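FYI, the numbering just counts along the sequence from 1. Note that the structure is a prediction, hence the values are computed from the model and not measured.
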Amino acid sequence: MEQKALECPVCKSNKAEIAGENVKLSGRFEDKEFLTTELTVLRCTKCGYYMLFDKMAQFTTQEPSDE
């Protein structure tokens with residue numbers, strides 16, 4: 001499993017707080033209802049952008065190395 005450094009897609013900050021764990025999103029699309037797998041929700045501490053990740057996501061706090 002590849003590990004990625006966390007980076008906000010909006011402001012490129014690498015700092016975030018956990019806004020929720022084991023969150024399931026439900027909704028409707030046309031005539032179908034859906035329920036997602038459990039997600040971890042992170043909120044960027046700099047701009048407030050919410051990022052959703054499934055359980056497979058792993059993050060490091062180190063800068064990505066050039067390989």
Side-chain angles (χ1 to χ4, degrees):
M1 178 65 56
E2 180 184 350
Q3 290 191 335
K4 295 186 207 137
L6 176 67
E7 182 181 77
C8 175
V10 177
C11 68
K12 305 300 181 206
S13 168
N14 66 348
K15 300 210 175 355
E17 59 189 7
I18 293 180
E21 289 184 289
N22 300 329
V23 176
K24 284 194 169 197
L25 301 179
S26 64
R28 293 180 72 89
F29 178 70
E30 295 176 350
D31 61 345
K32 295 183 176 60
E33 291 190 16
F34 65 88
L35 184 68
T36 66
T37 59
E38 292 181 343
L39 300 170
T40 298
V41 182
L42 299 182
R43 182 176 176 270
C44 177
T45 54
K46 187 172 176 187
C47 71
Y49 182 79
Y50 285 94
M51 296 167 272
L52 306 175
F53 300 100
D54 65 15
K55 289 207 175 297
M56 300 301 287
Q58 293 183 327
F59 296 101
T60 67
T61 53
Q62 300 159 354
E63 293 299 309
S65 60
D66 296 332
E67 293 181 9

Pair up each side-chain donor or acceptor in residues 27-35 with any protein partner under 3.5 Å, not counting sequence neighbours, and list the distances.
unit_1 : atom_1 : unit_2 : atom_2 : d
R28    : NH1    : E33    : OE2    : 2.7

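Rounded to the nearest 0.5 angstrom, E7 CD and K12 NZ are separated by 4.5 Å. The distance from the CD atom of E17 to the CG atom of L42 is 9.0 Å, given to the nearest 0.5 Å. Within the model, atoms CG of D54 and OG1 of T40 stand 8.5 Å from one another, a figure rounded to the nearest 0.5 Å.
Residue L52 belongs to a hydrophobic cluster whose other members are V23, L25, L39, V41, Y50, with links defined by side-chain heavy atoms closer than 4.5 Å.
Annotation: side chain to side chain contact (heavy atoms under 4.5 Å, CB included) contacts of S13 (sequence neighbours excluded): C11, K15, C44, K46. Listed by chain and residue number, K55 satisfy the salt bridge (charged side-chain N to carboxylate O under 4.0 Å, His left out) test with E38 (two or more places apart in sequence, or in another chain).
Nearest approach of A16 to M51, heavy atoms of both residues: CB-CE, 4.2 Å.
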